[in-house]
Engineer: 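After the structure tokens below, expect a handful of questions from me.
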Amino acid sequence: MSGVSIKNLTRRNSVPRFAYKEIVESVLPDWNISLVFVGPAQARKLNEQMRGKTYVPNVLSYTLGGESGEIIICLNEAEKQAFSYDMSARTFILYLFIHGVLHIKGWVHGVRMERCERNLLARYETTHS
């Protein structure tokens with residue numbers, strides 16, 4: 001049985017709620033995903049540690065071993081970038097989660113991934129968890 005644990009490490013009182021568990025179940029059955037919302041300083045630090053990159057990422061995702069993974073979303077960066085993707089900030093955050101799940105699955109950027117992201121986004125955008 002898959003599951004999603006959510007941690008909010010930002011100064012915000014709440015984070016967007018979606019059907020995160022259902023998304024994981026549809027893409028990575030039996031996986032456990034940790035979803036962590038962070039601020040820009042922590043996102044930059046993690047990006048530098050894990051990828052050697054010095055910019056603030058909107059999302060980071062990686063496996064933790066076995067059927068376990070972690071997705072880190074920087075809310076501030078997501079909100080800044082949403083308009084350039086022609087999405088609301090809320091929808092873009094869901095898109096980033098889906099994007100991270102597909103990377104954990106092993107998919108790389110391309111037409112197949114983009115098609116799957118669009119389909120999952122359309123399916124879960126209005127479903128709240």
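All figures in this text were calculated on a predicted structure; none of them were measured in a lab.
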Engineer: Would you find a donor on one side and an acceptor on the other, under 3.5 Å apart, between the side chain of Ser68 and the backbone of Gly65?
Structural biologist: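 No: the side chain of Ser68 does not pair with the backbone of Gly65.
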
Engineer: If you compare all heavy atoms of Pro57 against all heavy atoms of Ala43, which two are closest, and at what distance to 0.1 Å?
Structural biologist: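 That would be CD-O, 3.5 Å.
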
Engineer: Can you tell whether the side chains of Lys21 and Glu25 come within less than 4.0 Å, N to carboxylate O?
Structural biologist: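 The answer is yes: the pair qualifies as a salt bridge.
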
Engineer: Taking atom CD1 of Ile33 and atom CD1 of Ile104, what is their separation to the nearest 0.5 Å?
Structural biologist: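 Rounded to the nearest 0.5 Å, the CD1-CD1 separation comes to 4.0 Å.
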
Engineer: On a heavy-atom basis, which atom in Ser61 and which in Gly100 lie closest, and how many Å separate them?
Structural biologist: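 Closest approach of Ser61 to Gly100: OG-O, 3.4 Å.
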
Engineer: Evaluate the side-chain proximity of Leu102 to Val27: yes if any heavy-atom separation is below 4.5 Å, no if none is.
Structural biologist: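 When only atoms from C-beta onward are counted, Leu102 and Val27 do touch, with a gap below 4.5 Å.
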
Engineer: State, yes or no, whether a side-chain contact exists between Ile93 and Phe37 at a heavy-atom distance under 4.5 Å.
Structural biologist: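 Ile93 vs Phe37: side chains touch.
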
Engineer: Please, which pairs that meet salt bridge (charged side-chain N to carboxylate O under 4.0 Å, His left out) have at least one residue in residues 50-78, sequence neighbours excluded?
Structural biologist: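 Applying salt bridge (charged side-chain N to carboxylate O under 4.0 Å, His left out) to every pair that reaches into residues 50-78, excluding sequence neighbours, yields Glu77-Lys80.
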
Engineer: Within the 4.5 Å heavy-atom criterion, are Ile23 and Leu94 side-chain neighbours or not?
Structural biologist: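 With C-beta onward as the side chain, the pair touches.
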
Engineer: Could you list the cluster mates of Ile72? Members are the ILVMFWY residues connected by side-chain heavy atoms closer than 4.5 Å, either directly or through other members.
Structural biologist: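 Besides Ile72, the cluster holds Leu9, Val36, Val38, Leu46, Met50, Leu60, Tyr62, Leu64.
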
Engineer: Do Val15 and Val56 sit in one hydrophobic cluster, given that two such residues count as connected whenever their side-chain heavy atoms are within less than 4.5 Å of each other, even indirectly?
Structural biologist: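 The answer is no; the residues belong to distinct hydrophobic clusters.
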
Engineer: Looking only at heavy atoms, what is the nearest atom pair of Leu120 and Ser26, with distance?
Structural biologist: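 It is CD2-OG, 4.0 Å.
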
Engineer: For Gly66 versus Trp31, what's the shortest heavy-atom pair and its separation?
Structural biologist: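 Reported closest heavy-atom pair: O-CH2, 3.7 Å.
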
Engineer: Under 6.0 Å between ring centres, would you say that holds for Phe18 and Phe97?
Structural biologist: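 When the ring centroids of Phe18 and Phe97 are compared, they turn out to be at least 6.0 Å apart.
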
Engineer: Check for a donor-acceptor pair, side chain of Asn32 on one end and backbone N or O of Gly3 on the other, with a separation under 3.5 Å.
Structural biologist: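 Yes.
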
Engineer: Show every side chain to side chain donor-acceptor pair (under 3.5 Å) that has at least one partner inside residues 93-111, sequence neighbours left out.
Structural biologist: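 Found Tyr95-Glu117, His99-His103, His99-His109, His99-Glu117, His103-His109.
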
Engineer: Go through the structure and list residues passing side-chain hydrogen bond (donor to acceptor under 3.5 Å, both in side chains) with Arg12, not counting sequence neighbours.
Structural biologist: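 Once residues adjacent in sequence are excluded, the partners of Arg12 under the side-chain hydrogen bond (donor to acceptor under 3.5 Å, both in side chains) criterion are Asn76, Glu79.
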
Engineer: Which atom pair, heavy atoms only, marks the closest approach of Thr54 to Arg44?
Structural biologist: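 Nearest heavy atoms, Thr54 then Arg44: O-NE, 3.0 Å.
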
Engineer: Starting at CG of Leu96, measure out to CG of Leu121 and round the result to the nearest 0.5 Å.
Structural biologist: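 Going from CG on Leu96 over to CG on Leu121, the span is 10.0 Å.
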
Engineer: Among all residues two or more places apart in sequence or in another chain, which pass the ring-ring contact (aromatic ring centres under 6.0 Å, His included) test with Tyr85?
Structural biologist: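 Residues passing ring-ring contact (aromatic ring centres under 6.0 Å, His included) with Tyr85: Phe92.
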
Engineer: Using a 4.5 Å cut-off on heavy atoms from C-beta on, say whether the side chain of Pro16 contacts that of Leu75.
Structural biologist: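 Sidechains of Pro16 and Leu75: in contact.
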
Engineer: Drop me the distance from Arg118's CZ to Glu125's CD, to the nearest 0.5 angstrom.
Structural biologist: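 Taking CZ in Arg118 and CD in Glu125, the distance rounds to 13.5 Å.
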
Engineer: Does Asn119 have any side-chain hydrogen bond (donor to acceptor under 3.5 Å, both in side chains) partners at least two apart in sequence or in another chain, and if so, which?
Structural biologist: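 None.
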
Engineer: Calculate, to the nearest 0.5 Å, the distance between atoms CD1 and OG belonging to Ile71 and Ser34 respectively.
Structural biologist: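 Output value for this atom pair is 9.0 Å.
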
